[in-house]
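Below you'll find the structure, written out as structure tokens, and then a few comments.
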Amino acid sequence: MGNMDGKAVEELSATECHQWYKKFMTECPSGQLTLHEFKQFFSLKNLSPSSNEYIEQMFETFDFNKDGYIDFMEYVAALSLVLKGKVEQKLKWYFKLYDVDGNGCIDRDELLNIIKAIRTINPCQEIMSAEEFTDMVFNKIDINGDGELSLEEFMEGVQKDEVLLDILTRSLDLKHIIEMIQNNGKNPAVKASG
């Protein structure tokens with residue numbers, strides 16, 4: 001199982017855990033979700049190359065023990081983080097997601113490509129383009145002006161700026177995916193005609 005301390009599971013109700021376990025084992029009887037199954041699980045098909053990279057990066061951040069699979073504990077920990085995580089926890093996860101090359105810093109291209117991919121998969125009603133948003137992030141929180149954001153710059157800068165925090169939180173709001181899990185793969189926003 002994933003290398004988790006169990007706190008994430010304790011934060012969820014028994015009903016939520018049961019629903020998620022049932023869905024997980026129905027979709028993934030082996031108990032280990034591969035990247036391909038992860039995409040199927042969330043009905044992600046015909047993705048652009050940048051969106052596909054984003055999904056792969058998301059999968060890797062949820063694969064806490066880096067064994068190439070997401071097991072049930074990792075799955076629950078990921079859902080718990082997305083749904084119930086504290087701001088600091090979410091920001092650390094966002095940073096890992098944006099740091100595509102894993103060098104400990106986010107550069108403009110990494111952030112821009114991830115923001116574009118996120119908006120493809122999870123369209124939000126933002127006034128700013130992905131380019132404008134990326135420029136705003138770097139103008140506001142790249143304190144030393146080196147064109148890269150360290151974890152410290154990212155954490156401090158976003159927490160001090162309500163606008164950035166709000167936009168990032170909304171862009172990575174995965175509640176619609178959680179609702180699909182709870183509704184057995186059906187989009188709850190789509191009402192049956194009758």
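- D63 places no side-chain N or O within donor-acceptor distance of the main-chain N or O of I70, the cut-off being under 3.5 Å.
- Of the possible polar contacts, none joining the D166 side chain to the E162 backbone as a donor-acceptor pair under 3.5 Å is found.
- Looking only at atom types and distance, the side chain of T134 has no donor-acceptor partner in the side chain of E131 under 3.5 Å away.
- At distances below 3.5 Å, at least one donor-acceptor pair connects side-chain atoms of D99 with backbone N or O atoms of N103.
- If you chain together hydrophobic residues whose side chains sit under 4.5 Å apart, Y69 and F64 never meet in one group.
- From M155, atom CE reaches atom NZ of K160 across 12.0 Å, with rounding to the nearest 0.5 Å.
- Hydrophobic cluster membership differs between L112 and V158, with clusters built from Ile, Leu, Val, Met, Phe, Trp and Tyr side chains linked at under 4.5 angstrom.
- Between the side chain of K66 and the backbone N or O of E60, at least one donor-acceptor pair lies under 3.5 Å.
- Hydrophobic clustering places Y98 together with F138 (ILVMFWY residues linked when any side-chain heavy atoms are closer than 4.5 Å, directly or through intermediates).
- Between the CH2 atom in W20 and the OH atom in Y75 there is a gap of 7.0 Å [rounded to 0.5 Å].
- Aromatic ring orientation, F95 versus F154: tilted (interplanar angle from 30° to 60°).
- What you find for V87 and Q159 is that their closest heavy atoms are CG1-CG, 4.3 Å.
- The closest donor-acceptor contact from the side chain of E74 to the backbone of D71 lies under 3.5 Å.
- Under the 4.5 Å side-chain heavy-atom criterion for ILVMFWY residues, no single connected hydrophobic cluster contains both I143 and L91.
- No donor-acceptor pair under 3.5 Å is formed between the side chain of E56 and the backbone N or O of L35.
- When every heavy atom of R108 is checked against every heavy atom of N139, the shortest pair comes out as NH2-OD1, 4.2 Å.
- In this structure a side-chain-to-backbone donor-acceptor pair under 3.5 Å is missing from D161 to G157.
- Smallest separation of non-hydrogen atoms from M128 and I167: CE-CD1, 3.6 Å.
- At most 12 heavy atoms of other shown residues, nucleotides or ligands fall within 6.0 angstrom of atom NZ in K22.
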